[in-house]
Amino acid sequence: MIRYCVAAVLILACASAFAQPGSTPAAAPANANPAATHTLNMKDADIQALIATVSEITGKNFIVGPNVQGKVTVVSAKPMRPDEIYDVFLSVLRVHGYAAIPSGSMIKIVPEAMAQQDGSGGLNGSHPHDADELVTQIVPVKHVSATELVPILRPLMPQGAQLIAHPASNSLVISDRAGNVERMVSIIQRIDTVSDTGVEVIPLQHASAAEIARTLTQLADTKGADAADQPRVFADERTNSILLSGGKSGRLRMRALITHLDTPVANGGDTQVVYLNYANAKDLVPILEGVAATLTGEAPPGKAAAGAGAGAATSGASTATIQAHEGDNALVITAPPAVFRSLAAVIRQLDIRRAQVLIEAVIAEVSDETANELGVQWQVPLGDKSHVLGGTNFTGNTPGNNILTATGGLNSSPIASTIGNGFNLGYLNTVTAGGKSLLSLGALVSALRSNGKNNILSTPSIMTLDNQEAMIKVAQEVPFLTGSYTTNTGSSTNGTTGSTTGIGNPFQTIQRKDVGLTLTVTPHINSGDTVRLDIHQEVSNLLPPVQGAVDLVTNKREVKTTVMVKDDSLLVLGGLISDNVKDSVQKVPALGDIPLIGNLFRYRSNDHQKQDLMVFLHPKILRDAATEASVSQEKYNYLRTEQLEMRENRETITPRNAQPMLPEVHDFLASPALDVAPKDAGGAAHGNQHP
């Protein structure tokens, strides 16, 4: 080791003697070196001088670029041949970032970055290349993807080297020193080999392809370093198959796992019970049967071919059977796993909590009716006072306010039952003939003014599920006569005359109809905050007896429509505004037109009826239990407040302790059977309270 150090010191001393800083480097004297050899030693020499010395020794012609500048140091321990000196020269250029590019009989010396674009030589085997010579090589790839090789090879190359993938030809373009290019080509050849990678399709009989693929993927993720050896797993849900892509050994392991997993379930088999939370099991059965028939490619129940015989029906038995257990609101499904999974997905989407809608209707009716009557009627006998009668007789709006009805009724009934309403003033005289009272005649003055007002307000409300019809009815069943007839049940004989008469048995047929308030509504909640309502609302009531009517008379107000209402808003459904005026004058021609005296021959009446009827609607969507509880408590507290006000009324004779009283909301919710007795003024409770 000491000997080599001493030799190095001597060499450095010789180098300093032959080449001083800034001087031109020169080879050792010929008598100091073997024939055709040279020793190259320099220190901080200009690179231009080095190029000139190498050109003189090797006989090569150089073209030096204008950017080639710098100082170089070369230490040689032994003589070298010209070709060896040229290799040292290329190494020096590489160290300083330059490259030598052959171009015919000349060699261009330019910066390395410019050399890669200017045209480096190709490593094609036609002639040898120095290890430090800059070359560009195209490497075709046969078995793997050239794009996938780029991230693998890039860390193995110098920073200034170029590596580009050409996907169209599946090849790599490498631009670097010849030595590095040869090393990259060797690595690519070792990677680019025939692989046993393939794709297998494994159909499943019992298990779900999606579940198996998910399980195997999770298993591969947990293996850590061995994950690279795992094949890729895909699921084809349409055919319920597993697709394996990877090496042969990895696919073999996965195939064994799939075989173990694709086994029938020991407990329960293909029959499963699905409990429902919100939907009705009986309503879901026909829907699921149709879905199952579509999945299995069979005809839905009830739609089999018309010409199919009994044998065809039994041979084509459905592979999926769905039954509803109403007691537990559950579905019993017998189906293959793939079909059951599809049915379970449908059930999950249908078995959801449905929103509810509270519909409050307001029916407001205000009516005003006035009537005026004023007239004079008289009757007097003429001639013999027995056979001739003269006078006036008018019929007003009020029954009984005419003189013939009033005087005729005096023969057999009290006056009050024959004379009509209002102010009546008259003179009566009885006419007799043959000793019998025939008529009660005289004069009658009638005056009547009536004024009737009605203010009716009804606010029915009802709550129902979305898309579910609901009806509320508050009415009386009123009998209406529809017919009458008489049947003969026997005969009787008169003992005096000997005649025979039939015995009649009268029958009447009636029909009971609801008279009151009926509200039928079907809400349909849209995707936004609007509700479409199918409404049928009817309000009816009985009228007082009407003259000339053979049976009861009812007023009926009915609305049937479909509307769109925003949530928690008010909408008018319809209404009626009527104003009827009727003036009537009955008079004797000519005589009734005489001033003043004409009032004795005239009867006047006036009838004015005004009616305002409106129907409003207020829907409110209740999407959760909290909103439903809030609305229910509001109605509950309103009714309880009304009961409290009634208890405070001192005019009632019913004892306060005997009046019914709703419990408070929290007590009612804590125990629905709680018997909360009313409290007296001191707050003490009466009666038994159950915990």
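Given the structure is predicted, the values throughout are model-derived calculations rather than measurements.
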_With rounding to the nearest 0.5 angstrom, report the CD to OG distance, Gln609 to Ser367._
9.0 Å

*Using a cut-off of 6.0 Å, state whether more than 12 heavy atoms not belonging to Met564 lie near its atom CE.*
yes

*asked:* Can you confirm whether Thr294 sits close enough to Val291 that some side-chain heavy atom of one is under 4.5 Å from a side-chain heavy atom of the other?
replied: no

*side-chain contact (heavy atoms from CB on, under 4.5 Å) assessment of Arg354 paired with Ile525*: CA-CA 10 Å; Arg354 296 163 60 186; Ile525 301 177; over 6 Å; no

*Does any donor atom in the side chain of Asp368 or His608 lie under 3.5 Å from an acceptor atom in the other side chain?*
no

*Mind checking what makes salt bridge (Lys or Arg N to Asp or Glu O under 4.0 Å) contact with Asp514, not counting sequence neighbours?*
Lys473

*asked:* Quick check against the 3.5 Å criterion: does Arg602 have a side-chain atom that pairs as donor or acceptor with the backbone of Lys587?
replied: no

*Please answer whether the main-chain N or O of Ile621 pairs with a side-chain N or O of Asp567 as donor and acceptor at a distance below 3.5 Å.*
yes

*How many angstroms lie between CD in Glu469 and CG in Asp534, if you round to the nearest 0.5 Å?*
9.0 Å

*asked:* Rounded to the nearest 0.5 Å, what separates atom CG in Leu358 from atom NZ in Lys635?
replied: 6.5 Å

*asked:* When you compare the side chain of Leu613 with that of Ile363, does any pair of heavy atoms fall below 4.5 Å?
replied: yes

*Would you say Tyr603 and Gln377 make side-chain contact, with heavy atoms under 4.5 Å?*
yes

*asked:* Can you give me the closest heavy-atom contact between Ile472 and Ile462, atom names plus distance?
replied: N-CD1, 3.7 Å

*Determine the minimum heavy-atom distance between Leu617 and Val563, stating which atoms define it.*
CD2-CG2, 4.5 Å

*Which atom names give the shortest non-hydrogen contact between Ala320 and Ala292, and what distance separates them?*
CB-CB, 3.7 Å

*Modelled atom types, side-chain donor and acceptor of Asn637 and Arg640, under 3.5 Å*: no

*With the side chain counted from C-beta on, respond yes when Leu276 and Leu331 share a heavy-atom pair under 4.5 Å apart, and no when they do not.*
yes

*Ionic contact status for Glu628 with Arg353, cut-off 4.0 Å*: yes

*Answer yes or no: is there a side-chain heavy-atom contact under 4.5 Å between Pro460 and Gln537?*
yes

*asked:* Would the distance check show the side chain of Asn329 and the main-chain N or O of Ala279 forming a donor-acceptor pair, the cut-off being under 3.5 Å?
replied: yes

*pair Ile347-Ile333: side-chain heavy atoms closer than 4.5 Å*: yes

*asked:* Within the structure provided, determine whether Ile535 and Leu519 are in side-chain contact (heavy-atom separation under 4.5 Å).
replied: yes

*Atom OG1 of Thr530 and atom NE2 of His524: how far apart are they, to the nearest 0.5 Å?*
12.0 Å

*Quick check: are there more than 12 heavy atoms from other residues, nucleotides or ligands sitting under 6.0 Å from CG of Leu570?*
yes

*Under a 4.5 Å cut-off applied to non-hydrogen side-chain atoms, are Ile322 and Leu343 in contact?*
yes

*asked:* Looking at every heavy atom in both Ala330 and Ala281, which two are closest together, and how far apart are they?
replied: O-CB, 3.6 Å

*asked:* Around atom CD of Gln476, are there more than 12 heavy atoms from other residues, nucleotides or ligands closer than 6.0 Å?
replied: no

*Closest non-hydrogen atom pair, Thr562 against Arg532*: CG2-CG, 3.9 Å

*Of the non-hydrogen atoms in Ser569 and Pro619, which two are nearest, and what is the gap between them?*
O-CD, 3.3 Å

*Is a side-chain N or O of Asp351 found less than 3.5 angstrom from the main chain of Asn277, in a donor-acceptor match?*
yes

*asked:* Return the CG to NZ distance between Asn526 and Lys566, rounded to the nearest 0.5 Å.
replied: 13.0 Å

*Output the distance between atom CD (Gln356) and atom CE (Met463), rounded to the nearest 0.5 Å.*
6.0 Å

_Any carboxylate oxygen within less than 4.0 angstrom of a Lys/Arg side-chain nitrogen, looking at Glu558 and Lys560?_
no

_Pairs involving residues 610-619, ordered by first then second residue, that meet side-chain hydrogen bond (donor to acceptor under 3.5 Å, both in side chains) (sequence neighbours left out)_ = Glu360-His618, Glu365-Gln611, Asp568-His618

